[in-house]
Each structure stands twice: as structure tokens, then as C-alpha cells.
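The block underneath contains the structure these notes are about, expressed in C-alpha cells.
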Amino acid sequence: MTYSPATQDQLLAIRVNAGIADLAASERFAAAEPDMVEAIVEGIGAFAAGEWAPLNRAGDLEGAKLENGVVRLPDGFAQGYADYVAQGWNAIAGPAEFGGQGLPFTLACNVLENLGTANMAFSLLPMLSVGAIEALDHHGSEAQKAAYLPKLVSGQWSGTMNLTEPQAGSDLGALRTTATPIEDGEHAGKYRIAGQKIFITFGEHELAENIVHLVLARLPDAPEGSRGISLFLVPKYHVNDDGSPGPRNDVRCVSLEHKLGINASPTCVMSYGDNGECIGELVGAENRGLMAMFTMMNNARINVGNQGVQIGERATQAALAYAAERVQSARAGSPDKTPVAIIEHPDVRRMLLRMKALTEGARALLYYTAGQVDRGTLGDEAADRRGDVLVPLIKAWGTDVGIEVASLGVQIHGGMGFIEETGAAQHYRDARIAPIYEGTNGIQAADLVTRKLGLENGAVFAALMADTARDAAGDEPSLAALANDCAAIGEWMRDTASLDDRLAGSVPFCTMSAVAVAGWQLLRQLRAIEGGEAPGAAAAKRTSVRFFLDRIVPEAAGLKASAMAGAEPLYALTSEQLAG
């Protein structure tokens, strides 16, 4: 259950894939100099390993508990969060005008990677706050920013997003929570919020002084469906004129969900306005709530893809440690019949290298995505649009990687992997939520083949694959061929395939595209290694990249038939026949 930060590989990905030096050449990110970057990566790694990792097992065993309306977390969590805030980690990429350090999103991703590898359930608290900061910074009024952002940026206050309702899962157009304008009294100009939301991560807790809920609701006479949704800011405690928390708002946690994993993260059922006095403020324009919320969700989707890297890293480290210690059977074909550590056996070695290659590939894709987002922030429109295309790739494939790697970790532990005490099972259970929340992976794939493929009439996706193929063509023909296949499938989906056919092939197509870009980014790392970068990692990196390019890339290429198979076979049975 020990955890050592993957500092060296993180720095390699930040330098090569995110291109941190280019970002630091800009005035906005000038502070991201090499010494600063190394200090942040090493510092957050040490903090996460020293303070948050030891809480991971207790958090899983004890979980969050609701007692008399108050959510209690295991011992150590309050101190762990207080130290996180005191050391300034929450403010890394926060806007400088509200107390943040204004550093690249890339470095905020690294903070979350280390925190989540140490303790995925705990890391959901700052992850949601980062999204709330993003939404308010882009869509909030100047008064709202002044009142809420300094405390959110510091981490003194935390944030949530409230979308899902019992009758409205991914279909947000079906939500029923209402917002009624207040015309007089002390809250004139604000709104009374009424409704219930489910699956609200850290919707109630005592670690922060206040909780800022961002809530989707409908105004009276709003248009039907998603066009009639507005976004509201609802604090747990009203905010006094001096900025301190005031009286309790009419919002409460009704219950906590009992989950497969992430037990230390309270997943709350939240009730707004039980007494008719839940007060909220409109964020942005009326009926434009989804646009504002998607600012938050886009950020969150990248950070959920990051969770695949986090679980992959933690599961890989656990598996490597166990395989090096567990002695069983002689090496096949060896004249020496003395039992050896299972790390010596070919199939165990295959699984370990697969875990390592997949995790490093997902990390390379994560930081490439983050770097494109940062370039978009600097005004590079092409990078901004490329980042849009990359979001479903890192969210969907990255979280699929987390599950596969955690599952392989259980397998390497053998029967002991199925026993809770080793911790391998916790990684597998924790990983399973990531392909579901912030838009299921099927929704990510649908987003890729509908909205993202259509950006600039297909030119954005085509350019991504053309760059991949061009850079790989000389050294890695199989990677170039995969990228060319992705480009061809994308063109077919955009110009020829029906909507049903596109959706039927969306998941394998998303996987192919993600593997192509991840392979390209690993190839860039390999070239940097050959050029003298990270000499201590050279032997291991050469091996893991070769495994990815020689085994995982060909597997992805084999998905072409599935991506183009069309929807007709899926409907060969009626619904009644399929249900049996």
C-alpha cells in the first residue's frame, strides 16, 4: 500500500508532451520556469505521499458517514485538507487577481495526479472546487467573483456541481429543480431554489468553512428541455458583507449513497428549499446554464481522465512490489528448479509491462491535452480546438486504462488480489466510477463522432491525425497506419455514415484515436530520452514505449472493423427478443 510519486515520468511528460518551456515563454505563464516546475512536482508528490496516501486505506474501510445532518470523515482527513490549503496547493492555477498563482493548468493537473494517486476519493474534493472556480471565473458577475473566488481559490471554501436528479440522469433537459425570482425583502434580486439533486460529490462535509453549490434549475416559464436551464450559485452558508460565512442556507444532505468504491468521498442526495428559503444567485444569463456548467464539466472531464492515470500508477506500483516479493515456482525452462519471484515469469512480466505502458501512455495523453488547453488560454485558437477533440479521448480511454490496469493488478496478486487486505481490490473498485461520471464513456465517444468530428468541417480532427501520422511515418509505420485509419474512419463517419452507424462505432473509434495520439506522445518521449532527457529513466522508458508501440497500437488497429460495422447488426433483434 506504499506510494512513491512518479516524479521523473511526470516531469518528462510535462516537458515533452505539455511543452512547459514554450508555455513559460509567454508573459502569462512566465513563472513556470524549470526550477519552479520541479519544485511543484516534487513538492506535491512528497505532500501526497506523506499526508494523503496514509489516509487511503482508512478512508476506504471507514468511509464517510452522515450523522444528524453532518457528514463525518475518517480521522486525519480534516488535518490533511487543512495542510493542503495552508501550503497553497489549491491555488496553483487559480486566477492571480483572486489570490491564485496563475500557473498553467498543466501544473494543476499534476497536483491532482499526485493527490489522486495517493488517495483518489479524497482528491475529488479539490477536483470539484477547481471546476467551480473555472465556471465562476468565466461566467460569474464581478460581485460574485469578488465574494466567492478568493475563498474558493485558496481552498478555504469548496465547490460542487449539481446536475443529476432522480428522474434526470444524463438527460439534463428533464430536470425539475425550480428557481423563483425574489422581488422584495433582503434577498430581492435573488431566487428561491427548490428541488432535489443526487450524486453530489462532497455535497456536505466539515473540511471547508463553506460549500459553494452550483445548481442547474429552471426559471418560471423557461423553454422546455435543455434550452430552459439556468445556473445558480447556492452557498451552504450565506455570505456576510465582510466575506465571512453567515446563517445556514436552506440546503441539506438527505442521505449518502452506499457505493462500490471511493468510500471516503461523500456522494450526497441534496435537498434544496425544504422550508422554502433556499436562496441562490443567477450565474450568467437566464436559460444559458448548460453553457456555463459545461465550462466546469470540460475541466472536470480532463481531470477524470487523470484519475485513470492515478489508479493506473498506484495499481502498477502495488503489483510490481508484490511480484518482486512473491516467490512461486521455478522459471519455466530453467535448469535451476529453485522457486523464483513471480516477476520472473513471462506472463506476469507481460502483465506488468502492459500496466506500465498503458499508464505511461495515458499520462502522456493527459499532459498533451493539458498543454493544448494552456495554449488555448494564451489565445492559440488551433490548440484550443485541438484540446476540445482531445477531451473525450483522455476522459474515455484514460478511465478505461485505469480499470484495465487495476484489474491486471488484482490478477498479479492472484487470490490475494481478491482479498481486501492487499489493497488491490480497492484500486479496482475505486477505478470503476471514472468511466461513468462527468458523462459516461459512451457519451464521450458520442461527443467525438457528432460534435468534435464536425469542428471546422472535420479539419481539426484530420489535422491531429495527420500530425500523428507524419511524425511517426519514418520510425513507426504501424503507428502512422493507425493514425491514417483513424483519419479515414473519421471522414467516413462525417461524410457517409448515418448517425446510428456513427454512434454504433463510436467507442472503438474513440479508443483507436486515443491510442494513436498516446502512441505519438510516447514516441516523442522516446526521442527526448534518446536526446539525453531523463537519463535515469532511459532503459525503462525504451521498454515501456516499445511495448506500447508493438502490442497496444496493433490491438487498436484491429478495432477498425468494429468502428465501421454500422448499427444494423445491433438491431437484428427487437427489444423484446433481446431482453428475452
Side-chain angles (χ1 to χ4, degrees), residues 13-34 36-37 40 91-112 130-142 144-145 149 153 283-285 288 291-303 305-306 364-395 447-448 451-468 471 517 520-521 524:
I14 288 169
R15 290 166 180 158
V16 174
N17 306 121
I20 196 73
D22 291 340
L23 297 175
S26 69
E27 182 178 353
R28 175 162 182 166
F29 295 140
E33 296 178 346
M36 172 69 81
V37 171
I40 288 171
I92 287 290
E97 59 268 38
F98 298 106
Q101 298 182 44
L103 289 165
F105 174 64
T106 294
L107 295 177
C109 283
N110 183 255
V111 169
L112 282 178
V130 166
I133 292 166
E134 190 85 359
L136 279 179
D137 191 36
H138 280 80
H139 303 285
S141 67
E142 293 307 313
Q144 288 168 342
K145 293 178 186 181
L149 280 181
V153 166
V283 178
R288 301 285 285 172
M291 181 184 72
M293 186 64 87
F294 272 109
T295 300
M296 191 175 183
M297 288 185 70
N298 212 40
N299 179 302
R301 284 172 172 174
I302 296 171
N303 289 331
N306 191 338
L365 179 58
L366 168 69
Y367 286 104
Y368 181 58
T369 304
Q372 297 303 300
V373 170
D374 282 325
R375 284 165 177 75
T377 299
L378 295 174
D380 184 336
E381 293 183 3
D384 187 60
R385 288 189 292 271
R386 178 165 289 190
D388 280 344
V389 170
L390 292 169
V391 167
L393 306 189
I394 183 58
K395 196 285 182 183
D447 178 50
L448 174 64
R451 196 170 74 84
K452 302 299 173 61
L453 272 184
L455 291 176
E456 294 188 359
N457 294 317
V460 178
F461 181 82
L464 173 63
M465 290 304 152
D467 287 350
T468 302
D471 200 30
V517 180
W520 175 33
Q521 296 308 308
R524 293 180 63 205

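Counting from 1, the numbers follow the sequence of the chain as shown.
The residue from Asn17, Thr468, Thr369 that alone fulfils the side-chain hydrogen bond (donor to acceptor under 3.5 Å, both in side chains) condition with Gln521 is Asn17. With respect to Val373, the side chain to side chain contact (heavy atoms under 4.5 Å, CB included) criterion is satisfied by exactly one of Leu390, Ile302, Asp388: Ile302.
Rounded to the nearest 0.5 angstrom, Ile394 CD1 and Cys109 SG are separated by 9.0 Å. Put simply, CG on Asn306 and CG on Leu112 are 6.0 Å apart, with the number rounded to the nearest 0.5 Å. From Gln101, atom CD reaches atom CE of Met36 across 6.5 Å, with rounding to the nearest 0.5 Å. If you take CG on Leu393 and CZ on Arg301, they are separated by 12.5 Å, rounding to the nearest 0.5 Å.
Nearest approach of Pro104 to Ala93, heavy atoms of both residues: O-CB, 3.9 Å. Between Leu378 and Arg28 the shortest heavy-atom distance is CD2-CB, 3.8 Å. Listed here is the closest heavy atom pair of Lys452 and Val389: O-CG2, 4.2 Å. The nearest pair of heavy atoms linking Arg385 to Val460 is O-CG1, 3.6 Å. Looking at every heavy atom in both residues, Asp471 comes nearest to Arg524 through OD2-CG, 4.0 Å. Residues Leu103 and Ala31 share a closest heavy-atom pair of CD2-CB, 3.9 Å.
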Problem set entry | Verdict with reasoning, Asn110 to Tyr367, per side chain to side chain contact (heavy atoms under 4.5 Å, CB included) | CA-CA 9 Å; Asn110 183 255; Tyr367 286 104; 3.2 Å; yes

For this session: Give the intermediate values and the outcome of side chain to side chain contact (heavy atoms under 4.5 Å, CB included) for residues Trp520 and Leu464.
Result: CA-CA 10 Å; Trp520 175 33; Leu464 173 63; 4.1 Å; yes

For this session: Could you check Asn303 against Phe105 for side chain to side chain contact (heavy atoms under 4.5 Å, CB included), going step by step and ending with a plain yes or no?
Result: CA-CA 11 Å; Asn303 289 331; Phe105 174 64; 4.1 Å; yes

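For the residue pair Arg375 and Gln372, no side-chain donor N or O sits within less than 3.5 Å of a side-chain acceptor on the partner.
For the pair Asn299 (side chain) and Val130 (backbone), a donor-acceptor distance under 3.5 Å is absent. Distance alone, capped at 3.5 Å, is enough to place a donor-acceptor pair between the Asp374 side chain and the Thr106 backbone. Judged by distance alone, the side chain of Lys395 and the main-chain N or O of Gly305 form no donor-acceptor pair under 3.5 Å.
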